[in-house]
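The structure appears right after this line, and notes come after that.
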2 protein chains.
Amino acid sequence: MNLRQQKTMETKRKILTTAIKLFNEKGFSHVTVDEIIEKTSTSKGAFYNHFKSKHDIFLEKFKEIDHFYVNEILPKLKPLKTAEAKLKYFLYLEMEYIEKDLGWDVTRTIYEQELNTERESFFLDENRPLYHILKKIFEEGQKNGEFRQDLTSERLVVMLSRVIRGFLYDWSIKKGSFSLVDEHIELFNIVIEGLMKR
Amino acid sequence: MNLRQQKTMETKRKILTTAIKLFNEKGFSHVTVDEIIEKTSTSKGAFYNHFKSKHDIFLEKFKEIDHFYVNEILPKLKPLKTAEAKLKYFLYLEMEYIEKDLGWDVTRTIYEQELNTERESFFLDENRPLYHILKKIFEEGQKNGEFRQDLTSERLVVMLSRVIRGFLYDWSIKKGSFSLVDEHIELFNIVIEGLMKR
DNA sequence: AAATATAATAGACTATAGTCTCTGAGATTA
DNA sequence: TAATCTCAGAGACTATAGTCTATTATATTT
């Protein structure tokens with residue numbers, strides 16, 4: 001890496017860390033791009049050279065969630081015996097991570113961004129680890145007769161994803177005023193019962 | 001009503017109908033406030049005198065959905081015998097209305113607005129007819145033993161509302177690329193099964 | 001080493017939602 | 001009917017995300 005590339009990367013890093021720090025302090029909507037470039041002694045040109053938009057910085061952070069799925073959650077699921085147990089533990093860890101590490105304002109901002117038709121969607125990317133993990137769990141559960149087999153595992157993932165989104169959306173508009181960890185079981189158990197074979 | 005009040009109302013009506021017409025033609029985000037006031041030969045002052053924001057006009061239209069619940073849906077539910085049948089028919093009519101009459105872009109815009117923390121929320125208003133109707137149905141179903149009784153009817157409404165929202169949110173980010181009427185049964189049946197007594 | 005190319009950055013500019021203040025038509029009071 | 005009041009509306013102004021273009025430091029080529 002030559003000098004120029006080093007400077008470029010340094011600029012990007014500076015903007016990214018400063019922006020995320022400010023977002024955490026004051027909330028996404030109360031931080032302006034002008035403030036970010038002023039605090040980092042850079043410029044509009046630099047900012048938009050590195051990020052497609054103000055929202056884009058957020059995505060950068062949110063994408064970490066997928067590392068979390070693969071690195072933190074997946075290993076913990078291995079020892080569990082039933083697909084149902086895996087699914088429930090997965091959901092628990094996901095909710096815990098979102099509630100404790102991401103927080104509702106980040107979540108809200110992502111959900112808002114996804115509704116913006118001009119920008120590319122993160123949720124619609126079918127290669128997200130989230131979907132792969134869920135699909136694997138459902139396949140396993142269908143094979144051993146735990147889950148219903150009249151729907152494909154893909155459809156089961158779609159159904160569950162919609163419920164998860166509804167739950168997180170509700171949490172977002174309610175500004176994190178209830179606990180994901182505490183309340184998720186009530187909702188997900190209802191859905192999981194509907195997904196099980198009987 | 002004196003002359004002045006008449007003129008005021010006429011201005012509001014002109015702005016409202018023109019705005020909604022434009023939104024239908026080009027989509028919410030492609031219509032500017034400047035365009036609306038130009039087409040109606042009014043001004044920023046007039047516009048913001050009548051509406052709190054550009055989004056606000058949308059709400060005006062969306063609130064119709066509650067009239068629809070009360071006037072169109074409610075009477076049709078009366079003759080049905082089981083609470084389950086009422087619930088399923090209610091959901092069918094709601095999905096049909098949203099898909100055919102509101103459309104995905106209106107829906108998307110409302111969902112986006114709800115995530116905006118500066119504005120007051122429509123979804124969180126607990127007096128919406130939607131919630132009353134659902135609560136009534138659940139109460140009836142709990143009384144006659146169709147639905148589970150370990151959760152209050154209020155909680156059942158919360159659970160179902162979250163699922164409905166997840167479904168409509170998904171429809172919104174997918175730009176209406178699937179049919180609410182066709183697909184709602186798959187998801188809601190899963191949830192309703194989880195809500196029924198067994 | 002000089003000439004040329006490239007691409008990151010600076011910052012002026014644009015688009016657009018929303019605010020602020022002043023004005024005048026029409027209502028009210030005397 | 002003259003004087004006063006009021007509030008809807010006009011439109012200049014502000015805030016802020018994002019675009020466009022010129023500059024210049026660094027890299028590459030000759």
Side-chain angles (χ1 to χ4, degrees), chain A residues 1-20 22-23 25-60 108-110 112-120, chain B residues 1-20 22-23 25-60 108-110 112-120:
Chain A
M1 191 162 58
N2 63 31
L3 175 59
R4 189 167 178 174
Q5 290 169 312
Q6 273 177 30
K7 283 191 175 177
T8 305
M9 268 202 42
E10 173 58 18
T11 302
K12 178 171 184 177
R13 193 200 55 75
K14 212 167 49 176
I15 292 175
L16 182 64
T17 56
T18 304
I20 287 177
L22 287 172
F23 292 154
E25 281 168 23
K26 329 201 304 184
F28 181 77
S29 61
H30 296 109
V31 179
T32 66
V33 174
D34 282 340
E35 185 183 359
I36 295 168
I37 63 179
E38 193 245 298
K39 285 247 166 71
T40 52
S41 311
T42 58
S43 66
K44 280 282 172 74
F47 187 95
Y48 285 98
N49 183 41
H50 292 296
F51 304 99
K52 283 201 291 293
S53 68
K54 189 181 147 192
H55 273 101
D56 193 46
I57 289 199
F58 241 74
L59 259 197
E60 199 98 355
R108 188 192 61 70
T109 306
I110 301 296
E112 194 181 5
Q113 143 131 298
E114 286 291 316
L115 287 171
N116 187 314
T117 47
E118 318 290 309
R119 290 189 243 279
E120 62 175 321
Chain B
M1 191 162 59
N2 62 31
L3 176 58
R4 189 167 178 175
Q5 290 169 313
Q6 272 178 28
K7 282 194 175 176
T8 305
M9 269 202 42
E10 172 59 18
T11 303
K12 180 170 183 178
R13 194 201 53 75
K14 211 166 52 174
I15 292 175
L16 183 64
T17 56
T18 304
I20 287 177
L22 287 171
F23 292 155
E25 280 168 25
K26 330 200 307 186
F28 180 78
S29 62
H30 295 109
V31 179
T32 65
V33 174
D34 282 339
E35 185 183 358
I36 295 168
I37 63 177
E38 193 244 299
K39 286 247 165 72
T40 52
S41 310
T42 58
S43 66
K44 279 280 170 76
F47 187 94
Y48 285 99
N49 183 41
H50 291 295
F51 304 99
K52 282 203 290 295
S53 66
K54 188 181 148 193
H55 273 102
D56 194 45
I57 289 200
F58 240 73
L59 260 198
E60 200 98 357
R108 188 192 63 70
T109 306
I110 300 296
E112 194 180 5
Q113 144 131 300
E114 286 291 315
L115 288 170
N116 187 314
T117 47
E118 317 290 310
R119 289 188 246 279
E120 61 176 319

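A note on names: the letters A, B, ... follow the listed sequences, proteins ahead of strands, and every chain is numbered from 1.
- The closest donor-acceptor contact from the side chain of B:T18 to the backbone of B:I15 lies at 3.5 Å or more, if one exists at all.
- A:F47 has its CZ atom 12 Å from the C1' atom of D:dT16, to the nearest Å.
- Checking the phosphate oxygens (OP1, OP2) of C:dA10, a side-chain nitrogen or oxygen of A:S43 falls inside 4.0 Å.
- Summarising the geometry, the separation between NZ on A:K7 and C1' on C:dA7 is reported as 13 Å, rounded to the nearest angstrom.
- A straight line from CE of B:M1 to C1' of C:dG26 spans 15 Å, rounded to a whole angstrom.
- Atoms CD1 and CZ, from A:I57 and A:F23 in turn, are 5.0 Å apart once rounded to the nearest 0.5 Å.
- Looking at heavy atoms from C-beta onward, A:M9 lies in side-chain contact with A:M1 at the 4.5 angstrom threshold.
- A:E35 and A:K39 are joined by a salt bridge, as a carboxylate oxygen and a charged side-chain nitrogen come within less than 4.0 angstrom of each other.
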**Message:** Please convert DNA chain D into dot-bracket. A pair counts if it is Watson-Crick or G-U wobble with both distances under 3.5 Å; crossing pairs go in [ ] and bases paired with another strand get |.
**Reply:** ||||||||||||||||||||||||||||||
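- Contacts between residues 32-41 of chain B and DNA chain C, counted as heavy-atom distances below 4.0 Å, involve B:T32, B:V33.
- Atom OG1 of B:T117 and atom CZ of A:R108 lie 4.5 Å apart (nearest 0.5 Å).
- Looking at heavy atoms from C-beta onward, B:R13 lies in side-chain contact with B:T17 at the 4.5 angstrom threshold.
- The side chain of B:H50 contributes an N or O atom lying less than 4.0 Å from OP1 or OP2 of D:dG9.
- A distance of 6.0 Å separates CG in A:L3 from CD in A:Q6, rounded to the nearest 0.5 Å.
- Judged by closest nucleotide on DNA chain D, A:S29 is the one of A:S29 and A:G45 placed further toward the 5' end.
- Residue B:K52 contributes atom NZ, which lies 18 Å from atom P of C:dA17 at whole-angstrom precision.
- Residue contacts shown for A:K44 include a base, since a base heavy atom lies under 4.0 Å away.
- Counting to the nearest Å, the C1' atom of C:dT19 and the CG atom of B:D56 are 16 Å from each other.
- B:E10 has no carboxylate O lying under 4.0 Å from a charged side-chain N of B:K7, or vice versa, which leaves the two without a salt bridge.
- Rounding to the nearest 0.5 Å places OG1 of B:T32 at 9.0 Å from CG of B:L22.
- The side-chain hydrogen bond (donor to acceptor under 3.5 Å, both in side chains) test applied to A:E120 returns A:K52, not counting sequence neighbours.
- Looking at A:Q113 and A:D56, their side chains never come closer than 4.5 Å, going by heavy atoms from C-beta outward.
- A:H30 places its NE2 atom 13 Å from the C1' atom of D:dA15, with the value rounded to the nearest Å.
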Result block: side-chain N/O donor-acceptor pairs under 3.5 angstrom for residues 40-47 of chain B, not counting sequence neighbours:
| from | atom 1 | to | atom 2 | distance (Å) |
| --- | --- | --- | --- | --- |
| B:T40 | OG1 | B:I36 | O | 2.7 |
| B:T40 | OG1 | B:I37 | O | 3.4 |
| B:T40 | OG1 | B:T42 | OG1 | 2.9 |
| B:S43 | OG | B:G45 | N | 3.4 |
| B:S43 | OG | B:A46 | N | 3.2 |

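- As rounded to whole Å, 17 Å separates atom C1' of C:dA7 from atom CD of A:Q6.
- Each of C:dG18, C:dT9, D:dT26 was ranked by its minimum atom distance to the side chain of A:N49; first place goes to C:dT9.
- Minimum heavy-atom separation, B:K54 to B:V31: NZ-O, 2.8 Å.
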Find every protein N or O atom lying less than 3.5 Å from an N or O atom of nucleotides 27-30 of chain D, and list the pairs.
| from | atom 1 | to | atom 2 | distance (Å) |
| --- | --- | --- | --- | --- |
| D:dA27 | OP1 | A:N2 | OD1 | 3.4 |
| D:dA27 | OP1 | A:L3 | N | 3.1 |
| D:dA27 | OP1 | A:R4 | N | 3.1 |

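- Taking every heavy atom of residues 8-17 of chain A and every atom of DNA chain D, no pair lies under 4.0 Å.
- Of the candidate nucleotides C:dT9, C:dA17, D:dG18, C:dA17 has the atom lying nearest to any side-chain atom of B:Y48.
- Taking NZ from B:K12 and CG from B:N49, the interatomic distance works out to 9.5 Å, rounded to the nearest 0.5 Å.
- As rounded to whole Å, 14 Å separates atom C1' of D:dA17 from atom CD of A:Q113.
- Ring-plane geometry between B:F58 and B:F28 is classed as perpendicular, the angle between the planes exceeding 60 degrees on a 0 to 90 degree scale with a lower cut at 30.
- Here the side chain of B:A46 is nearest to one of D:dA17, D:dG9, C:dA17, namely D:dG9.
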